[in-house]
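Following: one structure in structure tokens, then a few remarks.
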Amino acid sequence: MDPFGELSPGRSLPPGLKQRFPDRVLVMTTDRCFGVCPHCTRKFILGRSPVVDSPERLSACVGYVKRHPKVRDVLLSGGDVLALPDPAVARFVEAFAELGQIEVVRICTRAPVSNPSRITARLARLLARVGRGKVWANVHVNTAGEARIAREAAARLVGCGIPVSSQTVLLRGVNDTPRKMLALLRALSAARIRPYYVFQCDPVEGLQERFGVPLARAREIEAYCAERIGGLALPRFVADLPGARRKTPLDLL
Ligand code: SF4
């Protein structure tokens, strides 16, 4: 139910901050989303894990980052950080972007798919302004149809100099054929959303049984796409394994 130990991180971290890798931290900004994805990895911890919902908690997270100078990348996640109002989003972005050690602040969101009008031109300009050129948007897109929905929202972000990338989850019955995956990657490229990772379904109770795709099938899909699309549109096919020091390429599984 909690394969990455997010409910019990095992060492002293500020409430709402998670760290699995030395150079990155994840900040749980909210436990709300625009919808409930049936394949959500965090479905069992949302609402049970603390979020950074006060100035004191945000200060504690910023203080932790300052004390750990190896951290250069902050993921604003949840939940969906864009479920918060603009001023709250801006406070998070600004608090981390102004730290000299931070090179990247990631907005982890599914809004371009599930609520595209949330990405207003005003929000995109605000993120660009407070983000000091460090903001990236990480969107979670699983089908070509979703990529087409996300296109206009992505254009607003890209137009303000915010790179947009996509993480996809390989899901049985949704995108687990070579042709569906290729169509997704092409639709993402057309939307100027860089395909970044395609993840094997996480080892969360119930998800593997319902959505899991066998490794051999995943490799077949990866090879099919690699033979038909350029590197710019080709994501890394990986598994996120508890305890691993990196996202594990399928070749190493
Ligand atoms: S948007 Fe992300 S965190 Fe929210 S329900 Fe979907 S997968 Fe889970």
Side-chain angles (χ1 to χ4, degrees), residues 1-7 9 15-20 24-53 73-85 88-89 92 105-119 123 127 136-151 153-154 157 164-176 184 188 191 193 195-213 235 237-242 247:
M1 293 174 73
D2 178 26
F4 301 109
E6 295 186 279
L7 284 175
L17 184 140
K18 303 181 187 307
Q19 184 172 28
R20 289 175 56 205
R24 277 154 276 173
V25 295
L26 184 148
V27 177
M28 296 283 285
T29 59
T30 174
D31 55 13
R32 287 180 291 142
C33 294
F34 295 104
V36 180
C37 305
H39 56 276
C40 179
T41 298
R42 294 212 174 100
K43 63 166 62 175
F44 295 114
I45 70 165
L46 289 178
R48 298 170 62 203
S49 180
V51 299
V52 180
D53 55 1
D73 184 349
V74 175
L75 288 76
L76 300 179
S77 184
D80 190 318
V81 62
L82 294 188
L84 297 170
V89 178
F92 276 108
V105 178
R106 294 195 239 179
I107 304 286
C108 303
T109 181
R110 199 159 148 75
V113 172
S114 47
N115 189 2
S117 61
R118 173 70 185 92
I119 314 289
L123 173 65
L127 294 175
W136 295 59
N138 259 16
V139 188
H140 169 184
V141 185
N142 292 327
T143 67
E146 289 185 351
R148 286 189 281 275
I149 290 170
R151 187 173 179 147
L157 293 166
V164 183
S165 57
S166 168
Q167 302 189 10
T168 293
V169 184
L170 189 55
L171 300 167
R172 189 196 315 154
V174 176
N175 55 18
D176 64 332
L184 166 61
L188 286 168
I193 302 173
Y196 170 43
Y197 280 133
V198 173
F199 283 104
Q200 286 285 78
C201 216
D202 281 338
V204 172
E205 193 172 299
L207 295 195
Q208 277 297 335
E209 294 79 354
R210 183 167 167 197
F211 292 115
V213 176
F237 285 66
V238 296
D240 197 7
L241 302 176
K247 304 290 190 300

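Since we're looking at a predicted model, the values are computed, not measured. Counting starts at 1 for both ligands and their atoms, in listed order. All values below were derived from every heavy atom in this structure, side-chain atoms included, with hydrogens, water molecules and symmetry-related copies excluded.
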Please list all pairs meeting salt bridge (charged side-chain N to carboxylate O under 4.0 Å, His left out) that have one or both residues in residues 28-39, counting only residues at least two apart or in different chains.
none
Would you say Gln200's side chain and Val213's backbone share a donor-acceptor pair under 3.5 angstrom?
yes
For the pair Thr168 (side chain) and Val141 (backbone), establish whether a donor and an acceptor sit closer than 3.5 Å, ignoring hydrogens and angles.
yes
Say whether, by atom type as modelled, one donor and one acceptor occur between the side chain of Arg151 and the main chain of Ala191 under 3.5 angstrom.
no
Closer than 4.0 angstrom, basic N to acidic O: yes or no for Arg118 and Asp80?
no
Okay, side chain of Asn142, backbone of Val169: is any donor-acceptor separation there less than 3.5 Å?
yes
Under 2.8 Å from atom 6 (Fe) of ligand 1, the protein N, O or S atoms found are Cys37 SG
